[in-house]
Number of protein chains: 2
Amino acid sequence: MKYKILEKPDCEKAYELVEEAMRKRATITLFACCKVEYEGRALSQLNWGERIILIKPDGSFLIHQDKKVEPVNWQPPKSKTRSYLSGERLILESHRRTPKELLTVEVRQIQFISYANMEDFEELEQAGYEKDMSDMIMERPHLIEEGFTPKTREYSVEHGFIDILGKDNDGNLMVLELKARKAGVSAVKQIRRYLQDLENTENDYLKECKAQKKKIRGILVAPSIMEDAREMIEEEGIEFVSVEPPRELKRDKKVTLDAF
Amino acid sequence: MKYKILEKPDCEKAYELVEEAMRKRATITLFACCKVEYEGRALSQLNWGERIILIKPDGSFLIHQDKKVEPVNWQPPKSKTRSYLSGERLILESHRRTPKELLTVEVRQIQFISYANMEDFEELEQAGYEKDMSDMIMERPHLIEEGFTPKTREYSVEHGFIDILGKDNDGNLMVLELKARKAGVSAVKQIRRYLQDLENTENDYLKECKAQKKKIRGILVAPSIMEDAREMIEEEGIEFVSVEPPRELKRDKKVTLDAF
DNA sequence: GGTTCAATCTCGTCT
DNA sequence: AGACGAGGTTGAACC
């Protein structure tokens, strides 16, 4: 059976359905009055009230109130769910080993409970992130400027990683910091720290650059920039290049390639 | 009526239930085969598959696959939900103004759909966070060391905010950085930047400190510290004080106080 | 409205 | 298993 629903079951009937659902590795949906306690990375309690509970076959456990996107309490995938009856009540426990975390739900009055085996073989296709921007710039470096040659991605320096390191037409070093969203002051501070890090780095290649009197150019790459960040890059001698993150889904891309 | 469930309804029946639920400001739970498109801060699409959809009266819209804690697609509170029939199918749209975001769900085969008015007047009580640590240290400064006197919280410097600024018994300035979880290298870098910021700050009070040859002490406060961070604080002359975030719920605290 | 920062962040990725 | 960084982060507090 693909799914089953019980309306206003007593806790014993609900318990049987929960056990059956777990055997079948189905997803449980429960609308009931419950009380919740959590102890683990933090500590919390939530008094009696009606919530929607989702228990997924991967061990994820979610408790939703009627507000917000985030669940009020939860456990991550691979948690172990256990259910049992205590007096007239259904207890749902979700346990995790490392870190040690325990979620305990006491269920009083059940409006409905269901389980369902969800057939879903699709994964989300998405675009418009920093990584997509990085891929695009490596493929088409002229988007930054004519003659730009990217050398290294994720180049490690003292305070983090330089998104893209490369050279311009005159052999000057170019330090690119990418942001998929509007860049703020923090992005400018970040790139400024990377430039300082490079100045302080003892590295044959960088020594050679300095010996040849080559400059180190800092480039902030983002779709747009906030006003105070704009002012700061001018003071700091950092450059700004406007690039939109590519908004092409892989599926679309594939179709386009197949067309040729 | 508090809740309603329909099993295997056609899309027209489901549409009527959705409209009724929205009039009653109820929470909708839907288990169905659907296809999802999102366009806004990013771009995504998800092909046909069975998912659980939650639509809350505050405008939150969640689509859950049978894995993970996070919804595969969602809209935040205050989004506007619209539903309509297109051919044989039910379309659910969720729209947000700033930033402009549109979530479109095409629903094909519905296993069940329900709405429920959730009675819940409780809020989550929780403890064990950075703020609780900060409160505790302000109340009981000797947890840091005998004679420590906190002066300012959230003191603004170039690269952020100093969690707690204070003085020791000898009048030296103390810069506290709090972490509610195990502190890593990034926490040490953060406190190091704050110390540099203070060195560079032109401020009468700080000038006086320097004139009196007072030191500026950096203190990392966390339950524990990672090995590489431990090495770094030794090099940097930063101190580490182990403090557990308090794990006392307000409810418990109140009970304790009432007992006296 | 925006801006900043913590979070039981989650989740992927890499060591 | 631990560490690190991005995220349509979310959510809250403050301006």
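Letters A, B, ... are given to chains in the order of the sequence lines, protein chains preceding strands, and every chain is numbered from 1.
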Grab the [atom1]-[atom2] distance between [X] and [N] for me, whole Å please.
| X | N | atom1 | atom2 | value |
| --- | --- | --- | --- | --- |
| B/Gln65 | C/dT10 | CD | P | 18 Å |
| B/Asp135 | C/dA6 | CG | C1' | 14 Å |
| B/Lys100 | C/dG1 | NZ | P | 16 Å |
| A/Met232 | C/dT3 | CE | P | 13 Å |

Quick check: closest heavy atoms across [X] and [Y], and the distance to 0.1 Å?
| X | Y | answer |
| --- | --- | --- |
| B/Lys68 | A/Pro77 | CA-CG, 4.0 Å |
| B/Gly128 | B/Ala180 | O-CB, 4.1 Å |
| B/Asp58 | B/Ser60 | OD1-OG, 2.7 Å |

So, do [X] and [Y] sit near enough that their side-chain heavy atoms are less than 4.5 Å apart?
| X | Y | result |
| --- | --- | --- |
| A/Met136 | A/Leu143 | yes |
| A/Tyr129 | A/Arg181 | yes |
| B/Val72 | B/Val36 | no |
| B/Phe161 | B/Arg153 | no |
| B/Asp163 | B/Ile137 | no |

What distance, rounded to whole Å, do you find between the two C1' atoms, one in D/dG7 and one in D/dG11? 14 Å
Both A/Gly40 and B/Arg97 contact DNA chain C. Taking the nearest nucleotide for each, which residue is further toward the 5' end? B/Arg97
Along nucleotides 5-15 of chain D, 5' to 3', which nucleotides get a B, which get an S, and which get a -, given that the test is a protein heavy-atom distance under 4.0 Å? S-SBSSSS---
As a check on the pairing definition, encode DNA chain D in dot-bracket form, counting Watson-Crick and G-U wobble pairs whose two distances are under 3.5 Å, and using | for partners outside this strand. |||||||.|||||||
Within residues 222-231 of chain B, find the residues that approach DNA chain D with a heavy atom at under 4.0 Å, and present them sorted by residue number.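 Close to the strand are B/Met226, B/Asp228.
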Go through the steps for A/Glu106 and A/Arg108 under the test salt bridge (charged side-chain N to carboxylate O under 4.0 Å, His left out), then give the verdict. CA-CA 7 Å; A/Glu106 197 176 334; A/Arg108 193 158 67 176; over 6 Å; no
Ionic contact status for A/Arg193 with A/Asp197, cut-off 4.0 Å: no
Checking B/Gln126 against A/Tyr38: is there a side-chain donor and acceptor pair closer than 3.5 Å? no
